[in-house]
Every structure is written in C-alpha cells, then in structure tokens.
Amino acid sequence: MALAGTAKVVLGSIAFAIFWVLAVFPVVPFLPIGRTAGSLLGAMLMVIFRVITPDEAYDAIDLPILGLLFGTMVVGVYLEKADMFKYLAKQNLPPHPFLLALASSANIGSSATPIGNPQNLVIAVQSKISFGNFLFGILPAMLLGVLVNALILLCMYWKLLSVHVKDEEHGAIEKDVESINIGSSPNINGNADYVEVSANRSSSSENEIHKVPSELESGRNSNASKEMTGDGFSQRKEETVSSRKVLSMNELISSKEDEGRRRWKRLSWKTCVYLVVIGMLISLLLGLNMSWTAITAALVLVVLDFKDAQPCLEKVSYSLLIFFCGLFITVLTAVILILSNLVSNVPTVLLLGGPVAASAAAISAADEKKAWLILAWVSTVAGNLSLLGSAANLIVCEQARRAPNLGYTLTFWNHLKFGFPSTLIITAIGLPLIKG
C-alpha cells in the first residue's frame with residue numbers, strides 16, 4: 001500500500017530532486033550516469049519509496065507519445081539518408097546556434113495547432129475549440145514569434161558565425177597560397193636545369209656534326225630493309241589499337257548508362273521519401289492519430305528502401321525513449337508549484353487549464369476561448385526558457401550529443417542564456433496577437 005501524507009511528499013521530492021539534477025547536469029561528479037539512467041533512477045525511487053505503485057508507474061508511460069517519437073526518429077533517419085541534412089554538414093557550421101534555432105523554432109511553431117504538442121492537444125480536448133479556430137487564433141503570433149526568434153539568434157550569435165566564416169576564408173586563402181608556392185618552385189629549378197642541359201647540348205653538337213655523313217650512308221642501307229618488315233607490323237598494330245579503342249568506347253558507354261540508371265533510381269527514391277514525409281505532415285494537419293501516422297510513414301519508408309532496415313533502426317535513439325519513460329513516471333508523482341520549466345509544460349496545463357477557463361467563462365464565452373489560446377501560447381513558448389522546458393529541447397540535445405559526426409553537448413546554461421530573453425520577448429509580443 002502506498003504511503004500517504006508528509007512522508008510521500010518528502011520522499012517524492014527527494015526522488016524528483018535527484019532526477020532534476022541528473023537531467024540538468026548529466027555528468028555531475030558524484031553520479032555521472034547521464035540523463036537516461038537519471039530518469040530511470042528517479043522513476044525507480046518513486047516506486048521504491050512507495051510514492052506510487054508499480055501499476056501506476058506503468059500507466060504513467062504515454063505509449064502514443066513514445067510511438068510518435070519512434071516514428072519521427074525513423075523518418076528522420078531516412079531523411080538523412082536522402083541527403084536532407086547534407087548542406088549543413090558540408091558547411092561545417094558551428095552547431096550551437098543551429099541547435100537552439102531548431103529546438104526553439106519547433107516549440108514556437110508547435111503552438112499553432114492542437115496536434116503541435118501534447119499540451120495543445122489537452123487544451124483542444126478540454127476547451128472543444130475546433131482545429132481551424134485554434135489555428136487562426138494563434139497563427140499570427142506564431143509567425144511573428146518565429147521571425148523574432150530568428151532575429152534574436154542572429155543578434156546573439158552573429159559574431160560567432162562571422163568569425164567562423166572568416167576563419168574558413170582565411171584557411172582557403174592559405175591553401176591557395178601553398179598550392180601556388182608548391183606549383184611555382186619546381187619551375188625555378190626546372191629553368192636552371194634547362195639552362196645547364198642546353199649548355200651541355202651546345203658543347204657536344206660540334207662533335208656530332210662530323211659523324212653525320214657516315215651515319216647517313218649506313219642509315220640509307222638499313223632503312224631499305226626495315227621498310228619491308230615494318231609495313232606488316234604497323235598494319236597489325238593499327239588493327240590492335242582500333243579494336244582496343246572500340247572496346248574502350250563500349251565500356252565507357254555502358255558505364256555511363258549504368259551511372260545514369262543509378263542516378264535515376266537514387267533520385268526516384270529520394271523523391272518518394274520526400275513525398276511520404278509531406279503526406280505524413282498533411283495527415284497530421286488533417287487530425288489523424290499522430291502516433292500511428294508517424295509509425296505508418298516510417299514503415300512505408302522501410303518498404304520503399306527495399307533493404308534490411310536494421311542499420312537504419314540502429315540509429316534510433318532508444319535511450320531517449322527510455323529517458324521519456326522515466327520522465328513520465330517521475331513527472332506524474334512530482335508536485336508542480338510554479339513554472340513549467342521546473343518539470344514540463346504539459347502538467348502545468350493540466351493543473352491551470354480548468355481554473356483559467358472557469359475564471360474567463362465568468363466574463364464571456366469569447367474570453368473563455370481566448371483564455372485557452374493564451375494558455376496554449378504561453379505554455380508552449382515557456383518551453384524555450386530552459387533545457388527541460390519541452391520535449392523538443394531534450395530531443396535536440398540528446399540527438400546532437402549522440403550524433404557520430406557532431407558529438408556536441410548543449411548545456412543547461414548555454415540554453416538558458418538564449419532561452420530566458422527569447423521566451424520573455426516572444427511571449428510578450430505574441431499576447432496581443434492572440435485572437436479570441
């Protein structure tokens with residue numbers, strides 16, 4: 001039987017504090033086990049301390065959200081395989097501002113639809129606001145928010161990006177100078193050698209002049225005998241060369257045809273990948289089940305690839321899925337006091353949605369609808385404040401840290417330095433644009 005009263009609150013707070021510290025600082029000196037193990041530890045402590053029962057812990061795991069994450073991860077793997085992200089990798093750009101742009105823009109953009117994030121889905125269900133009214137009520141604020149967010153990123157990281165570009169240009173100039181030096185130095189030595197060789201040739205030419213008459217006589221006699229045998233040999237040689245040319249031309253034509261077929265097949269496959277992703281996005285906008293839509297798109301891409309899917313499935317971040325399992329269990333039992341960023345924005349909506357709607361409904365029905373939309377806007381944008389504010393932040397952070405060609409860790413403080421001013425500014429400019 002689960003504990004009750006003060007003991008449950010104290011033990012639950014201890015378990016949550018351990019989870020929070022390990023989620024924010026995954027390599028703390030006294031317990032460097034990472035975010036995934038930290039979330040499992042917090043969930044396990046909730047059960048061991050009997051704050052919740054094992055059955056309640058299993059019920060807390062949101063399988064539809066895990067299915068949505070899994071499906072979108074597989075789709076992302078095939079998009080990467082279709083060269084969707086090749087440009088940024090080639091440019092070798094600094095990852096920090098681009099990771100922040102990806103996470104923050106995903107959070108702001110998700111505010112415009114009921115299916116953009118879990119808290120919006122909760123609001124849409126409780127408020128009974130239609131998809132169209134929800135979209136057009138928040139769309140102006142979302143569009144302006146994305147634009148202002150990009151401007152804030154440019155203002156904060158313009159120096160970093162410009163220095164990086166200058167370093168690349170300087171490195172390219174140095175390579176060009178080195179190639180010029182390497183290419184020109186042999187010519188100087190070559191000229192000296194040429195002068196020396198020409199001098200030797202001029203000194204030996206006088207001796208060769210006296211040998212010419214005798215050599216001409218012997219050459220005339222030998223040429224007459226060589227002409228008879230040389231005609232047959234040259235004819236056979238020409239036939240051999242012509243046959244080799246024909247073979248080489250045939251091989252070149254066949255290789256070009258094979259290369260053209262491979263390119264056409266590759267282009268067709270990439271086009272199919274993009275069409276499947278566009279179809280998935282349209283299905284989500286039409287209100288179909290998010291989890292099964294993403295999983296269906298992933299399976300369609302697996303079939304279209306027509307290869308063993310194990311290498312692609314191995315790229316899925318299963319540790320991130322496990323992290324969310326622990327997060328669901330821990331958050332379920334945590335006491336939410338003030339901000340979404342202390343835990344997540346979804347439970348805050350569950351706690352504040354009812355009271356906010358009831359207070360607004362006492363004024364008018366239009367104010368009630370506007371209150372729900374304002375709650376959706378504020379709770380979503382608030383996810384940009386800290387690294388733990390939203391699932392998008394954690395997904396981007398973990399994927400960047402585990403990427404084989406990147407291996408970059410976006411720390412809590414680096415995110416907070418951008419997230420704090422961005423959240424305040426974008427929330428403030430968006431509020432007047434919310435339409436009731």
Side-chain angles (χ1 to χ4, degrees), residues 1-63 65-66 107 117-119 122 319-356 375 378-395 397-398 409-416 419-420 423:
M1 185 176 179
L3 294 174
T6 306
K8 178 187 285 190
V9 173
V10 171
L11 293 175
S13 300
I14 293 172
F16 178 75
I18 293 173
F19 155 77
W20 194 88
V21 170
L22 292 176
V24 175
F25 310 105
V27 288
V28 289
F30 61 87
L31 197 61
I33 60 175
R35 290 191 179 94
T36 301
S39 68
L40 288 179
L41 178 61
M44 183 192 68
L45 290 176
M46 291 292 186
V47 176
I48 290 177
F49 292 159
R50 300 175 67 190
V51 180
I52 57 173
T53 63
D55 291 336
E56 290 173 339
Y58 285 123
D59 292 338
I61 298 175
D62 196 330
L63 291 179
I65 291 181
L66 292 180
N107 285 328
N117 52 62
Q119 67 268 17
V122 171
S319 61
L320 186 62
L321 299 178
I322 295 172
F323 170 80
F324 273 95
C325 291
L327 177 68
F328 292 142
I329 297 172
T330 309
V331 167
L332 177 69
T333 57
V335 179
I336 311 302
L337 297 176
I338 308 172
L339 294 175
S340 296
N341 290 274
L342 292 178
V343 188
S344 173
N345 39 21
V346 180
T348 303
V349 167
L350 291 173
L351 288 175
L352 298 180
V356 168
L375 179 61
V378 174
S379 64
T380 301
V381 177
N384 282 337
L385 196 147
S386 76
L387 191 61
L388 291 180
S390 73
N393 297 345
L394 294 170
I395 292 171
C397 179
E398 285 298 305
T409 300
L410 181 63
T411 64
F412 180 84
W413 300 115
N414 283 338
H415 187 283
L416 187 65
F420 184 76
T423 300

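The first residue in the sequence is number 1, and the count goes up from there.
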* Asked: Rounded to the nearest 0.5 Å, what separation is found between the CD1 atom of I329 and the CE atom of M44?
  -> 11.5 Å

* Drop me the distance from L327's CG to L394's CG, to the nearest 0.5 angstrom. => 7.0 Å

* Can you label the angle between the W20 ring and the F412 ring as parallel, tilted or perpendicular, going by 30° and 60°? => perpendicular

* Structure fact -> When every non-hydrogen atom of R35 is compared with those of A23, the smallest separation belongs to NE-O, 2.7 Å

* Partners passing side chain to side chain contact (heavy atoms under 4.5 Å, CB included) against S39 (at least two apart in sequence or in another chain) -> F19, F323

* Structure fact -> On a heavy-atom basis, the closest approach of F328 and D62 is CD1-N, 3.4 Å

* To do: Could you grab the distance from atom CG of L45 to atom CG of L41, nearest 0.5 Å is fine?
  => 4.5 Å

* **Straight-line distance of L387 CG to F25 CZ, nearest 0.5 Å** => 10.5 Å

* Asked: V21 and F30: which non-hydrogen atoms are nearest, and at how many Å?
  -> CG1-CZ, 4.4 Å

* **Minimum-distance pair of heavy atoms, taken over all atoms of S386 and N393** => O-ND2, 2.9 Å

* For A37, all residues meeting side chain to side chain contact (heavy atoms under 4.5 Å, CB included), sequence neighbours excluded -> I33

* P29 to P32 - nearest heavy-atom pair and separation -> O-CD, 3.7 Å

* Looking at T423, T380, N384, which one forms a side chain to side chain donor-acceptor pair (under 3.5 Å) with N107? -> N384

* Whether S319 side chain and T36 backbone form a donor-acceptor pair below 3.5 Å -> no

* Asked: Between L22 and G38, which heavy-atom pair has the shortest distance, and what is it?
  -> CD1-CA, 3.5 Å

* Please report the C-alpha distance between T53 and V47 in whole Å, then the side-chain angles of each, then the deciding distance to 0.1 Å, and finally whether the side chain to side chain contact (heavy atoms under 4.5 Å, CB included) criterion is met. => CA-CA 6 Å; T53 63; V47 176; over 6 Å; no

